[in-house]
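None of these values were measured; they are calculated from a predicted model. When reading the values below, keep in mind they use all heavy atoms of this one structure, side chains included, and skip hydrogens, waters and symmetry mates.
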Amino acid sequence: MNFINSIPEHIFESIGIAAGLSACLVIAIQVYKEYKFKGPSSLSNGFIFGWVIIYLFWCFYGIRFNAIALWLTNAIAVLLQLTLCFIVIKKRKAYQSNP
C-alpha cells in the first residue's frame, strides 16, 4: 500500500475524472442509440430510474468528501441518465397511443 500512498492526490483525481468521463461516454452512446432507434424501448423503469438514484448518490458523496472526480462525472451522468429517461418515457407514450 505504500506505493498507492506515494501517488499524489491530483493524479488520482485526474485519472478518476478520465475514468468517469469514459463512463459518461458509454451512457451518451446509449442515449444516442435510444434516440435514433425508432422502435419501442426495451429498457425497464428499474434500470433507467435506478441508475439516476445511483449516480445522484455518488454525486452527493463526491460533494460531501470534496472529490471532484466523483461529483463532476456523476453530475454529468445524472443529466445523461435523465435524458435517457425522458426519451424512453416519450417513446412509451407514443407507442401506447399508437398500437
Side-chain angles (χ1 to χ4, degrees):
M1 293 302 270
N2 286 337
F3 171 71
I4 292 175
N5 290 334
S6 69
I7 300 171
E9 258 185 63
H10 73 277
I11 299 293
F12 274 107
E13 283 293 326
S14 298
I15 293 169
I17 290 171
L21 290 176
S22 297
C24 288
L25 177 63
V26 171
I27 302 165
I29 290 168
Q30 184 62 46
V31 170
Y32 177 77
K33 294 286 188 178
E34 191 68 38
Y35 177 76
K36 288 302 227 178
F37 180 65
K38 298 304 176 195
S41 178
S42 65
L43 299 175
S44 70
N45 286 341
F47 178 81
I48 60 173
F49 291 108
W51 280 106
V52 170
I53 293 166
I54 291 166
Y55 295 138
L56 267 175
F57 169 79
W58 286 110
C59 181
F60 291 140
Y61 187 94
I63 291 169
R64 166 64 180 86
F65 292 102
N66 197 29
I68 191 169
L70 284 175
W71 69 257
L72 176 66
T73 59
N74 281 284
I76 294 168
V78 167
L79 293 175
L80 288 167
Q81 194 68 23
L82 285 172
T83 303
L84 184 61
C85 291
F86 175 77
I87 292 168
V88 169
I89 290 169
K90 188 175 175 184
K91 287 173 99 174
R92 286 194 182 138
K93 286 183 181 182
Y95 279 96
Q96 285 175 352
S97 62
N98 295 326

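Under the 3.5 Å distance criterion, the side-chain polar atoms of Q81 are left unmatched by any main-chain donor or acceptor of F49.
Contacts of Y35 classified as side-chain contact (heavy atoms from CB on, under 4.5 Å), with partners at least two apart in sequence or in another chain: I87. Applying the side-chain contact (heavy atoms from CB on, under 4.5 Å) criterion to S41, with sequence neighbours excluded, gives E34, L43, V88.
Among all heavy-atom pairs drawn from T73 and I17, the shortest one is CG2-O, 3.7 Å. The two residues S6 and F3 come nearest to each other via the heavy atoms OG-O, 2.6 Å.
Taken from CD in E13 to CD1 in I15, the straight-line distance is 10.5 Å, to the nearest 0.5 Å. Taking CG of N74 as the start and CG of L79 as the end, the distance is 11.0 Å to the nearest 0.5 Å. The structure places CD1 of I48 at 5.5 Å from CD1 of I89, a figure rounded to the nearest 0.5 Å. Taking CG of L56 as the reference point, atom CH2 of W51 lies at 13.0 Å (rounded to 0.5 Å).
Connectivity analysis of hydrophobic side chains (ILVMFWY, heavy atoms under 4.5 Å, direct or indirect) links I29 to L25.
The aromatic rings of Y61 and F57 are tilted relative to each other, their planes meeting at an angle between 30° and 60°.
Note: the hydrophobic cluster containing I7 does not contain L70 (ILVMFWY, side chain heavy atoms under 4.5 Å, direct or indirect links). Hydrophobic clustering (side-chain heavy atoms under 4.5 Å, transitive across Ile, Leu, Val, Met, Phe, Trp, Tyr) keeps V78 apart from Y32.
Remark: N2 CG is loosely packed, at most 12 non-hydrogen atoms of other residues, nucleotides or ligands lying under 6.0 Å away.
A ring-centre distance under 6.0 Å is not found for Y55 and W58.
Taking 4.5 Å as the limit, some side-chain heavy atom of C59 sits within range of a side-chain heavy atom of I63.
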